[in-house]
Amino acid sequence: AIAFAMHGHAYSVGILDADIHGPCVPKMLGMDGQRLTVGPIGALPAVGPLGVKVVSMEFLLGSKEIPVIWRGPLKMIAIQQFLSEIAWGELDFLLIDLPPGTGDEPLSVMQLIPEMDGVVIVTIPSEVSQIVVSKAITFSRQLKVPVIGIIENMSGFVCPKCGTETDIFKVGGGQKISEELNVPFLGKIPLDPRICEDSDRGLPFILEHPDSPAAKAFMEIVEKIEGFLKEKGQDC
């Protein structure tokens, strides 16, 4: 959703699905069955809705049932190839989707892109998630990668019919940990059953429901990311 929110700000965006063992970006964007192609300048990313360029391990597998049973070194080689051997073209942003935690995939990306603009960390309003997030923030700082901020996902349920908001889980976990660790808080994404429905159907939620509270929250988060980069001195 952040990719399409950025596209709404007239940015050219690419997505690298770096979750080697559980690649799900193609499914969420309606790109099942697509494959990477080879052109004169190298391998080309697949093209998703609104021209967003996507690279995923899913595009290299023969079927959905084939697992990727790799140790760390092989995963690092794959990520390195996705970054250096794909003809991404001109992009304003390359978003890299990573699995939770501080394992091979995030370590590989941070080592291969030492001057990346920063990371955005997503949590849910629970103490268990906050433990993982605190480790991820410390991990990023140890590798000298800026933490752009924290997003709290599943933050309350907003009824799509009447607009009433109900706190199904705890609230404020993202805000709390951002204050404790002195990290910007980017915003809260409310629960909306249409997000799950659209993802399963391969439809970008933010395009299907642009006036929903969740879509508006994504747009506000992108504005805060823009502000972070401008303050850092990057062009947006």
Side-chain angles (χ1 to χ4, degrees), residues 1-9 13 15 17-19 22 24-25 27-29 93 95-102 106 117-141 145-229:
I2 289 180
F4 293 104
M6 287 180 165
H7 188 278
H9 285 233
V13 183
I15 302 174
D17 183 2
D19 191 342
C24 59
V25 170
K27 169 66 176 176
M28 296 170 66
L29 299 185
F93 290 99
L95 304 181
I96 302 177
D97 181 48
L98 292 164
T102 56
D117 292 324
V119 298
V120 173
I121 298 175
V122 181
T123 185
I124 60 173
S126 75
E127 292 184 10
V128 173
S129 180
Q130 292 171 40
I131 293 171
V132 177
V133 166
S134 65
K135 293 180 184 297
I137 291 172
T138 303
F139 170 79
S140 300
R141 286 173 169 168
V145 176
V147 179
I148 296 174
I150 294 175
I151 297 173
E152 182 176 289
N153 196 16
M154 303 183 185
S155 184
F157 167 70
V158 178
C159 177
K161 293 183 179 180
C162 67
T164 301
E165 183 171 353
T166 304
D167 295 329
I168 297 177
F169 305 117
K170 290 182 177 181
V171 293
Q175 181 81 54
K176 178 183 176 183
I177 197 166
S178 70
E179 293 172 354
E180 290 178 351
L181 297 179
N182 193 29
V183 173
F185 183 65
L186 299 179
K188 301 186 295 183
I189 307 296
L191 277 168
D192 189 323
R194 295 172 298 182
I195 295 177
C196 178
E197 293 168 2
D198 288 345
S199 296
D200 285 346
R201 294 163 57 202
L203 299 173
F205 168 80
I206 200 169
L207 301 182
E208 296 294 308
H209 306 284
D211 295 326
S212 65
K216 292 177 181 178
F218 279 118
M219 296 299 290
E220 292 172 1
I221 287 169
V222 167
E223 291 175 359
K224 291 181 180 180
I225 293 174
E226 284 180 315
F228 174 91
L229 296 176

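In this text, all values refer to a predicted model and were calculated from it rather than measured experimentally.
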When rounded to the nearest 0.5 angstrom, what is the spacing between [atom1] in [X] and [atom2] in [Y]?
{"X": "L191", "Y": "I189", "atom1": "CG", "atom2": "CD1", "value": "10.5 Å"}
{"X": "I221", "Y": "M6", "atom1": "CD1", "atom2": "CE", "value": "10.5 Å"}
{"X": "E197", "Y": "E208", "atom1": "CD", "atom2": "CD", "value": "11.0 Å"}
{"X": "M154", "Y": "T123", "atom1": "CE", "atom2": "OG1", "value": "10.5 Å"}
{"X": "I225", "Y": "H9", "atom1": "CD1", "atom2": "NE2", "value": "10.0 Å"}
{"X": "F185", "Y": "E179", "atom1": "CZ", "atom2": "CD", "value": "9.0 Å"}

With [X], which residues qualify under salt bridge (Lys or Arg N to Asp or Glu O under 4.0 Å), at least two apart?
{"X": "D198", "result": "R201"}
{"X": "D19", "result": "none"}
{"X": "R194", "result": "D192"}

**Crowding at CG, D200 (>12 non-hydrogen neighbours, <6.0 Å)** =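 Yes.
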
**Asked** Does a sphere of radius 6.0 Å around CE in M219 hold more than 12 heavy atoms from other residues, nucleotides or ligands, not counting ones at 6.0 Å or beyond?
**Response**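 Above 12, so yes.
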
**Item:** Verdict with reasoning, V183 to I121, per side chain to side chain contact (heavy atoms under 4.5 Å, CB included)
**Value:** CA-CA 10 Å; V183 173; I121 298 175; over 6 Å; no

Counting C-beta onward and ignoring hydrogens, is there a side-chain heavy-atom pair between [X] and [Y] closer than 4.5 Å?
{"X": "H7", "Y": "I206", "result": "no"}
{"X": "V147", "Y": "L181", "result": "no"}
{"X": "F93", "Y": "L229", "result": "yes"}
{"X": "I151", "Y": "K224", "result": "no"}

List the atom of [X], the atom of [Y], and the distance in Å for their closest heavy-atom pair.
{"X": "V222", "Y": "A5", "answer": "CG2-CB, 3.4 Å"}
{"X": "F218", "Y": "I2", "answer": "CD2-CG1, 4.0 Å"}
{"X": "A217", "Y": "P190", "answer": "CB-CD, 4.4 Å"}
{"X": "I15", "Y": "A3", "answer": "CD1-CB, 3.7 Å"}
{"X": "V133", "Y": "V122", "answer": "CG2-O, 4.1 Å"}
{"X": "A136", "Y": "T102", "answer": "CA-CG2, 4.0 Å"}

**Request:** For S129 and I124, indicate whether the former's side chain and the latter's backbone hold a donor-acceptor pair under 3.5 Å.
**Result:**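 Yes: the side chain of S129 pairs with the backbone of I124.
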
**Request:** Sort out for me which residue in V145, I137, I96, L98 forms a side chain to side chain contact (heavy atoms under 4.5 Å, CB included) with V119.
**Result:**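 Among the candidates, only V145 passes.
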
**Asked** Knowing that exactly one of Q175, K176, E152, Q130 qualifies, which makes a side chain to side chain contact (heavy atoms under 4.5 Å, CB included) with P125?
**Response**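 It is E152; the other options fail the test.
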
